[in-house]
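Report on the following structure.
For reference, positions follow the sequence shown, starting with 1.
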Amino acid sequence: MAIILKEPSRTFSEYLLIPGYTSENCVPENVSLKTPLVKFKKGEEPALSLNIPMVSAIMQSVSGPDLACALAREGGVSFIFGSQSIASQAKMVAKVKQTKAGFVPSDSNISPENTLADVLALKEKTGHATMAVTENGQEDGKLVGIVTSRDYRVSRMDRSTKVKEFMTPYEKLIVGKADISLSEANDIIWEHKLNQLPIVDEDQHLVAFVFRKDYESHKDHPLELLDNQKRYIVGAGINTRDYEKRVPALIEAGADVLCIDSSEGYSCWQANTIKWIRDNYGDSVKVGAGNVVDGDGFRFLADAGADFIKIGIGGGSICITREQKGIGRGQATATLDVAKARDEYYKETGVYVPICSDGGIVHDYHITLALAFGADFVMLGRYFARFKEAPNKLVSVNGNYMKEYWGEGSARARNWQRYDVGGDAKMSFVEGVDSYVPYAGSLKENVSLTLSKVRHTMCNCGCLSIPELQKNAKVTLVSSTSIVEGGAHDVVVRDQNFDAREK
Ligand code: RVP
């Protein structure tokens with residue numbers, strides 16, 4: 001007879017944390033959000049850790065190079081989406097790795113024969129005022145000068161004026177050599193009172209800019225996640241079909257960690273993929289697997305050698321897998337069950353395999369709950385899709401700024417490899433939707449606010465670290481009526497227009 005689990009599976013919104021004792025020492029500044037990203041043996045340190053418990057979803061509308069750099073700067077990791085050609089995914093990974101903290105590759109290249117009108121159009125498109133003037137106007141051309149907004153006056157100059165007439169030519173530029181360190185570059189910037197320093201190789205090609213403002217912001221990012229060459233840490237999604245070609249290309253491009261991206265990971269296809277990686281790279285290549293929703297799935301992937309395991313089926317904001325196929329489990333219950341299996345596995349084997357709660361985070365406190373339920377970190381799609389740095393388009397819908405957000409199982413993404421069932425079977429139905437999410441501005445501002453809430457809640461619970469929260473949190477189920485009690489109720493909330501009228 002089929003196994004029937006009588007307890008309903010539950011979501012994060014059905015729980016609340018009960019505060020514990022808060023001591024004097026228990027203040028948000030003292031909270032550490034450091035957490036393991038990959039498995040480790042008892043008494044050893046993980047080869048990779050996160051400084052904040054957040055990673056971005058392996059999705060076209062979420063994880064591109066700009067978001068990856070912005071998130072690594074805050075201490076988390078992005079997984080560049082795999083639903084693209086191997087070459088373009090590897091190029092995105094390489095772009096992140098080339099962005100040494102504080103060294104910014106130019107995304108604005110222009111030729112000396114272009115005009116002021118072209119400069120203004122490029123500035124409008126990229127939002128960047130500093131442009132590299134190269135012989136051919138392309139990234140691979142020799143640097144012949146730079147243009148910044150100090151070089152022209154829009155009100156006084158004809159828009160047809162050629163760039164070569166107002167750029168600062170190469171001979172007048174102070175430049176840094178390609179092997180310069182960030183602090184050396186910064187010394188030159190200070191000494192010569194520059195706003196930016198072009199870094200060039202021996203063939204006079206621009207490698208990157210170092211900006212005065214970025215050096216200062218570099219100091220504002222104490223949690224940034226860097227490799228031993230001071231490059232941002234970045235992850236990449238892979239699938240269970242073309243891994244023999246994709247994995248080598250991603251490793252060559254510099255990916256620090258991989259993750260098999262699949263809606264359902266308790267399968268021989270995932271075990272085969274991990275085995276191929278172990279046979280070819282041993283433990284040097286780190287690879288996560290998933291998604292699973294119970295202890296059996298966890299045990300299978302842990303035994304197969306996964307470095308971390310993702311939890312969640314059908315809870316994603318754009319996901320309709322539960323409606324379409326009737327598989328899945330409430331995200332809170334799934335996380336609790338997998339965390340139990342992770343702890344048992346650790347006791348038995350002495351190997352700690354981190355787990356990631358993936359999908360369905362709606363409120364910031366859901367992150368704290370996921371951690372309290374045993375997750376080591378969370379993966380978010382909708383959350384990051386709202387930010388300026390995400391690769392999806394900003395559009396205006398009925399006068400409101402929105403970002404496009406579509407599932408990997410949607411007809412738009414066409415990521416059928418994510419739904420691998422082996423053989424030649426092709427997907428004949430979708431498991432995701434195409435949608436909009438409200439634009440929310442920069443990643444840094446939003447992540448700072450979210451994590452401030454997480455730290456405050458942890459202090460309310462008397463916990464200064466994620467392991468302490470996992471061990472000591474007290475969580476209660478809430479009734480639907482007490483959920484109503486938790487919001488503003490029985491009052492008429494004053495809206496902003498009302499306040500504005502009063503002033
Ligand atoms: P959310 O953060 O709730 O937007 O969920 C993001 C997660 O949803 C992803 O990390 C992935 O696991 C899942 N996903 C992505 N595409 C689809 C789909 O089309 N069904 N689901």
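Checked against salt bridge (charged side-chain N to carboxylate O under 4.0 Å, His left out), Glu14 has the following partners two or more places apart in sequence or in another chain: Arg10. By the side-chain contact (heavy atoms from CB on, under 4.5 Å) test, Ala121 pairs with no residue at all, sequence neighbours left out. Legend: residues meeting side-chain hydrogen bond (donor to acceptor under 3.5 Å, both in side chains) with Thr481, ordered by chain and number and at least two apart, are Ser479. For Glu323, the side-chain contact (heavy atoms from CB on, under 4.5 Å) partners two or more places apart in sequence, or in a different chain, are Ile320. For Lys325, the salt bridge (charged side-chain N to carboxylate O under 4.0 Å, His left out) test picks out Glu431, with sequence neighbours left out. Evaluation of the salt bridge (charged side-chain N to carboxylate O under 4.0 Å, His left out) rule for Arg455 yields no partner, not counting sequence neighbours. Among residues two or more places apart in sequence or in another chain, the salt bridge (charged side-chain N to carboxylate O under 4.0 Å, His left out) test is passed with Glu139 by none. Judged as a side-chain contact (heavy atoms from CB on, under 4.5 Å), and not counting sequence neighbours, the contacts of Leu120 are Leu116, Tyr152, Val154, Arg159. Applying the side-chain contact (heavy atoms from CB on, under 4.5 Å) rule to Arg412 yields the partners Glu404, Trp406, Ser410, Asp434; only residues at least two apart in sequence or on another chain are considered.
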In a table with atom names and distances, give each donor-acceptor pair under 3.5 Å that connects a side chain of residues 251-258 to protein atoms at least two apart or in another chain.
{"residue": "Asp256", "atom": "OD1", "partner": "Lys97", "partner atom": "NZ", "Å": "3.4"}
{"residue": "Asp256", "atom": "OD2", "partner": "Lys97", "partner atom": "NZ", "Å": "2.7"}
{"residue": "Asp256", "atom": "OD2", "partner": "Val234", "partner atom": "N", "Å": "2.8"}

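Judged by distance alone, with hydrogens and angles left aside, the side-chain atoms of Asp242 form no donor-acceptor pair with the main-chain N or O of Lys245 at under 3.5 Å. With hydrogens and angles ignored, the 3.5 Å screen pairs a side-chain donor or acceptor of Thr450 with a backbone N or O of Asn446. Between the side chain of Gln89 and the main chain of Phe81, a donor-acceptor pair closer than 3.5 Å is present. Side-chain atoms of Thr130 never come within 3.5 Å of backbone atoms of Thr148 as a donor-acceptor pair (strictly under, hydrogens ignored). The backbone N or O of Glu264 lies less than 3.5 Å from a partner atom in the side chain of Ser262, making a donor-acceptor pair. Remark: side-chain polar atoms of Asp358 are not paired, donor with acceptor, to backbone N or O of Gly312 under 3.5 angstrom. A donor-acceptor pair is defined here as one N or O able to donate and one able to accept, closer than 3.5 Å; such a pair exists between the side chain of Asp376 and the backbone of Ile355. With Gln331 contributing its side chain and Ile311 its backbone, the two residues share a donor-acceptor pair below 3.5 Å. Using modelled atom types, no side-chain atom of Ser88 and backbone atom of Gln84 make a donor-acceptor pair closer than 3.5 Å. Side-chain atoms of Arg322 come within 3.5 Å of backbone atoms of Arg329 as a donor-acceptor pair (strictly under, hydrogens ignored).
Here the straight-line distance linking atom CG of Asn239 with atom CZ of Arg246 works out to 5.5 Å at 0.5 Å rounding. Expressed to the nearest 0.5 Å, how far OG of Ser9 lies from CG of Asp294 amounts to 11.5 Å. Between the OG atom of Ser465 and the NZ atom of Lys34 there is a distance of 12.0 Å, given to the nearest 0.5 Å.
Other residues, nucleotides and ligands contribute only 12 or fewer heavy atoms inside 6.0 Å of the CD atom of Glu445.
Side-chain contact, Thr457 with Asn460: no donor N or O sits under 3.5 Å from an acceptor N or O.
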Taking it one step at a time, do Asp158 and Thr161 satisfy side-chain hydrogen bond (donor to acceptor under 3.5 Å, both in side chains)?
CA-CA 6 Å; Asp158 197 306; Thr161 315; 5.0 Å; no
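Applying the salt bridge (charged side-chain N to carboxylate O under 4.0 Å, His left out) test to residues at least two apart or on different chains, none of the pairs has a partner in residues 55-64. Applying the side-chain hydrogen bond (donor to acceptor under 3.5 Å, both in side chains) rule to pairs touching residues 385-397 yields Asn392-Lys403, sequence neighbours excluded.
Ring centroids of Tyr15 and Phe373 are separated by less than 6.0 Å, placing the two rings close together.
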